[in-house]
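One structure is given below, encoded as structure tokens.
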2 protein chains.
Amino acid sequence: MVALRDVAAAAGVHPSTASRALNPAMRYLVADPVVARVQEVASRLGYRPNAVAMSLRTGRSRLIGALVPGIANPVFAPILAGAAEVLSSAGYALMVADPGDDNGRAAEFVEQLAARGADGLLLATASLRDDPALAACRARNIPAVLVNRGSEGMSSVVSDDRGGMALAVAHLLQLGHRRIALIAGPAQLSTGLRRSEGFEEALRAQGLAPDPALQEITAAYTREAGERAAARLIARHSDVTALSCANDLLALGAYDACRRAGLRIPEDISVTGHNDMPMVDLIEPPLTTVRIPHGEMGRQAAGLLLDRIGHGGGASDVVLPSALVVRGSTAAPRPTAPGAAPAARSARRRGPARPGHPEG
Amino acid sequence: MVALRDVAAAAGVHPSTASRALNPAMRYLVADPVVARVQEVASRLGYRPNAVAMSLRTGRSRLIGALVPGIANPVFAPILAGAAEVLSSAGYALMVADPGDDNGRAAEFVEQLAARGADGLLLATASLRDDPALAACRARNIPAVLVNRGSEGMSSVVSDDRGGMALAVAHLLQLGHRRIALIAGPAQLSTGLRRSEGFEEALRAQGLAPDPALQEITAAYTREAGERAAARLIARHSDVTALSCANDLLALGAYDACRRAGLRIPEDISVTGHNDMPMVDLIEPPLTTVRIPHGEMGRQAAGLLLDRIGHGGGASDVVLPSALVVRGSTAAPRPTAPGAAPAARSARRRGPARPGHPEG
DNA sequence: GAACCCCATACAATCGATTGCAAGAGCTTC
DNA sequence: GAAGCTCTTGCAATCGATTGTATGGGGTTC
């Protein structure tokens with residue numbers, strides 16, 4: 001391995017001179033012919049600066065850590081990809097740690113990333129309150145940005161959870177639905193909480209009072225939890241004509257429950273999701289859902305983090321707009337009168353496709 | 001930030017003694033009461049060893065780099081997740097770089113990871129021959145393991161591409177199909193090449209000669225490429241009763257082409273995929289495909305890499321078995337006689353569900 | 001021609017931990 | 001009681017790059 005001292009020796013200068021010659025910001029201190037000679041020697045020898053030594057000396061590593069609950073998660077993976085794109089083009093490397101849902105492990109990972117000299121952290125795992133990972137960041141004074149999660153006093157990039165949910169509910173209301181049930185996400189996650197708020201706001205905006213009996217709060221964003229919640233709602237409230245789900249996986253679970261209960265979507269019951277994750281445009285019926293700009297969230301979060309590392313500014317929050325994507329899982333409710341004609345089945349709406357992913 | 005020297009000072013010993021007291025492998029050199037005192041002081045002060053300094057001195061970083069073409073890719077994300085799991089429980093951190101399809105960028109990333117002192121590399125991007133990233137690994141003498149890609153003289157973990165493809169074709173043959181077309185993957189990827197070989201092998205095993213006219217080689221594993229290839233095959237060869245695709249995304253493209261051509265799946269034409277990526281059990285009709293143990297591939301690759309770092313053994317190849325998952329996109333071909341009765345439509349097979357992912 | 005200044009370069013300390021070697025203390029053994 | 005041994009601890013070099021300070025040479029100015 002060729003080190004700076006080798007380059008310096010080969011160029012007949014002191015290592016400090018070689019260092020300055022190779023560093024654009026310090027180059028003005030070195031005479032031009034010497035700069036040229038050093039550069040030539042460096043490239044001839046294939047010199048690559050040792051990033052570890054550089055980190056040790058300067059205290060900066062050009063390394064960003066990311067904490068995600070599930071690398072393969074269809075929501076967080078594109079966020080990570082967006083962030084990686086921005087970071088690598090700024091010369092930063094990305095270290096990924098996946099603590100799953102374990103808050104303790106998350107804090108442990110923060111310590112480890114700190115020990116490795118990470119310049120900043122992207123946190124996609126923060127709970128709403130008392131997040132140990134967040135506390136660890138504050139304690140070690142590491143710049144951090146939250147993604148897809150909000151929390152007080154820390155920069156964050158989120159989508160408009162409240163507004164997105166309201167969009168979905170407004171769509172259902174406009175179709176004529178009045179008894180709309182909510183399958184909510186975990187209340188300790190900001191997405192769960194805010195989407196519930198958006199649900200209630202949209203109802204109130206139409207002068208309707210939210211009925212607590214029509215809300216099921218799930219413990220996790222999983223298909224199974226969605227199925228259980230939907231099954232309970234369907235069993236207890238036969239007058240419900242629409243299920244508004246805080247997340248696509250919950251909606252898929254709702255599909256399962258409806259199928260099992262013999263309810264057709266959207267003829268008998270409408271279903272909406274949230275996130276527009278890959279492939280939901282291809283399921284039967286294609287899911288009406290709220291599209292979130294995942295890649296953009298990752299990019300903005302990375303940008304925000306680099307800003308904070310560079311200029312050290314205060315906390316700022318970015319809220320990205322979400323958009324309703326109407327596909328085939330929503331339709332007008334059937335007339336309530338018994339024996340009424342069933343809704344027309346023809347010409348099911350397929351809706352816009354999602355942008356695709358290449359695969360291996 | 002509390003350093004080793006602070007711990008040593010507080011414990012009244014020399015830093016070297018503190019170092020030995022805190023290192024299990026060197027602890028035998030230090031008297032027990034001193035060990036206890038140093039440990040107590042270290043934990044009281046919240047001492048965390050500086051991994052950067054440690055790397056610089058020892059030359060080992062406990063850091064593994066991973067190169068993937070698309071972090072959000074439904075194939076590579078679970079591989080990454082599996083690898084991350086094994087690595088982090090072995091005390092290693094994971095650095096991810098995403099060069100996309102750019103071979104030059106991949107080599108550049110290898111250099112960068114080397115400069116950061118990565119102890120080993122996981123390569124999911126290697127082309128079949130003359131991969132610059134691979135060459136860079138060899139040049140810098142960094143242990144590397146290929147995942148989901150094979151290449152001569154380098155350890156690799158792949159699924160049984162040949163056998164998996166043969167499984168799918170055998171299934172079609174057994175259903176009675178004889179004119180089976182292949183939508184092949186890129187020939188410079190080992191998956192593309194081996195799956196094509198598996199396709200031909202399965203035909204020959206039945207005494208059938210592969211017809212080159214029934215093979216379309218795509219330039220990339222994308223839905224669009226699949227659609228184009230399928231459209232061409234359908235237009236030119238009306239006697240084809242089944243499309244065997246080298247990858248699920250290609251199969252989704254084939255769905256698009258069939259839909260556009262007015263062909264029903266599986267009544268008019270059968271389609272098979274490869275990979276069993278998330279959600280393909282939910283599309284209409286549910287896709288018959290070959291399941292690959294992605295997570296296991298990542299875990300095994302990580303394990304293999306750690307072995308090579310530890311004991312420095314030679315190259316070894318792991319081939320994991322794939323399994324056919326029969327769902328609703330395959331059925332017996334219609335009798336060729338014109339005017340024959342269409343295949344029964346009832347009781348469409350839904351097939352086994354995929355294991356789910358939690359979502360955010 | 002002496003004083004001064006500036007430019008270019010070298011010197012040496014530093015970041016934090018590890019580790020080969022030296023040295024002191026305490027013990028045994030003859 | 002001296003030599004030798006073991007056990008424990010300290011010393012100092014080292015990994016590779018950066019950077020504040022010192023120093024030398026060359027030019028300018030009066």
Test side chain to side chain contact (heavy atoms under 4.5 Å, CB included) on Arg44(B) and Val41(B); report intermediate values, then the result.
CA-CA 5 Å; Arg44(B) 183 158 50 77; Val41(B) 170; 3.7 Å; yes
Decide yes or no on side chain to side chain contact (heavy atoms under 4.5 Å, CB included) for Leu113(B) and Leu121(B), but give the supporting numbers first.
CA-CA 8 Å; Leu113(B) 293 172; Leu121(B) 251 51; 4.1 Å; yes
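Atom-to-atom, CG of Leu56(B) to P of dT19(C) comes out at 12 Å; the value is rounded to the nearest Å. Distance CG (Asn50(A)) to P (dT18(D)): 10 Å, rounded to an integer number of Å. Between the CE atom of Met26(A) and the P atom of dA10(C) there is a distance of 17 Å, rounded to whole Å. We find that CG of Leu29(A) is positioned 12 Å from C1' of dC6(C), with the value rounded to whole Å. Atom CZ of Arg27(A) is separated from atom P of dT18(D) by 12 Å (rounded to the nearest Å). Straight-line distance from the CG atom of Asn23(A) to the P atom of dA17(D): 13 Å, rounded to whole Å. Atom CG of Asp6(B) is separated from atom C1' of dA17(C) by 13 Å (rounded to the nearest Å). Whole-Å rounding puts the Arg60(B) CZ to dT14(D) P distance at 19 Å.
Annotation: the span from Leu63(B) atom CG to Leu94(B) atom CG amounts to 8.5 Å, rounded to 0.5 Å.
The phosphate of dT9(C) (OP1 or OP2) has no side-chain N or O of Tyr28(A) nearer than 4.0 angstrom. When the side-chain nitrogen and oxygen atoms of Thr58(A) are compared with OP1 and OP2 of dT18(D), none of them lie within a distance under 4.0 Å.
Among the atoms of the strands shown, only primed sugar atoms or phosphate atoms (P, OP1, OP2) are found under 4.0 Å from some heavy atom of Val13(A). Across all strands, Val34(A) comes closer than 4.0 Å only to sugar-phosphate atoms, never to a base (heavy-atom distances).
Out of dA17(D), dA8(C), dT18(C), the shortest distance to the side chain of Leu4(B) is found at dT18(C). Taking only side-chain atoms of Arg57(B), from C-beta outward, the nucleotide of dA17(C), dT9(D), dT18(C) with the closest atom is dT18(C). Of the candidates dA17(C), dA17(D), dA12(D), dA12(D) carries the atom nearest the His14(B) side chain, counting heavy atoms from C-beta on.
Smallest separation of non-hydrogen atoms from Ala21(B) and Gln39(B): O-NE2, 4.1 Å. When all heavy atoms are compared, the tightest approach of Ala83(A) to Leu122(A) is CB-CD2, 3.7 Å. Across every non-hydrogen atom of Arg62(B) and Gly91(B), the tightest pair is NE-O, 3.6 Å. Pairing each heavy atom of Ser156(A) with each of Val145(A), the nearest pair is CA-CG1, 4.3 Å.
Residue pairs satisfying the salt bridge (charged side-chain N to carboxylate O under 4.0 Å, His left out) criterion with at least one member in residues 297-309 of chain A, sequence neighbours excluded, are listed as follows: Glu85(A)-Arg299(A), Glu296(A)-Arg299(A).
Using modelled atom types, no side-chain atom of Asp119(B) and backbone atom of Ile64(B) make a donor-acceptor pair closer than 3.5 Å.
The side-chain heavy atoms of Asp6(B) and Tyr47(B), taken from C-beta on, include no pair separated by under 4.5 Å.
Within the helix from dG1(C)-dC30(D) to dC30(C)-dG1(D), the inter-axis angle between the opening and closing five-pair segments is 60°, rounded to 10°.
Map Met1(A) and Val30(B) each onto its nearest nucleotide of DNA chain D; the residue landing nearer the 5' end is Val30(B).
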Give every pair of a protein N or O atom and an N or O atom of nucleotides 20-24 of chain C that lie under 3.5 Å apart, one pair per line with the distance.
unit_1, atom_1, unit_2, atom_2, d
dG20(C), O6, Arg20(B), NH2, 3.4

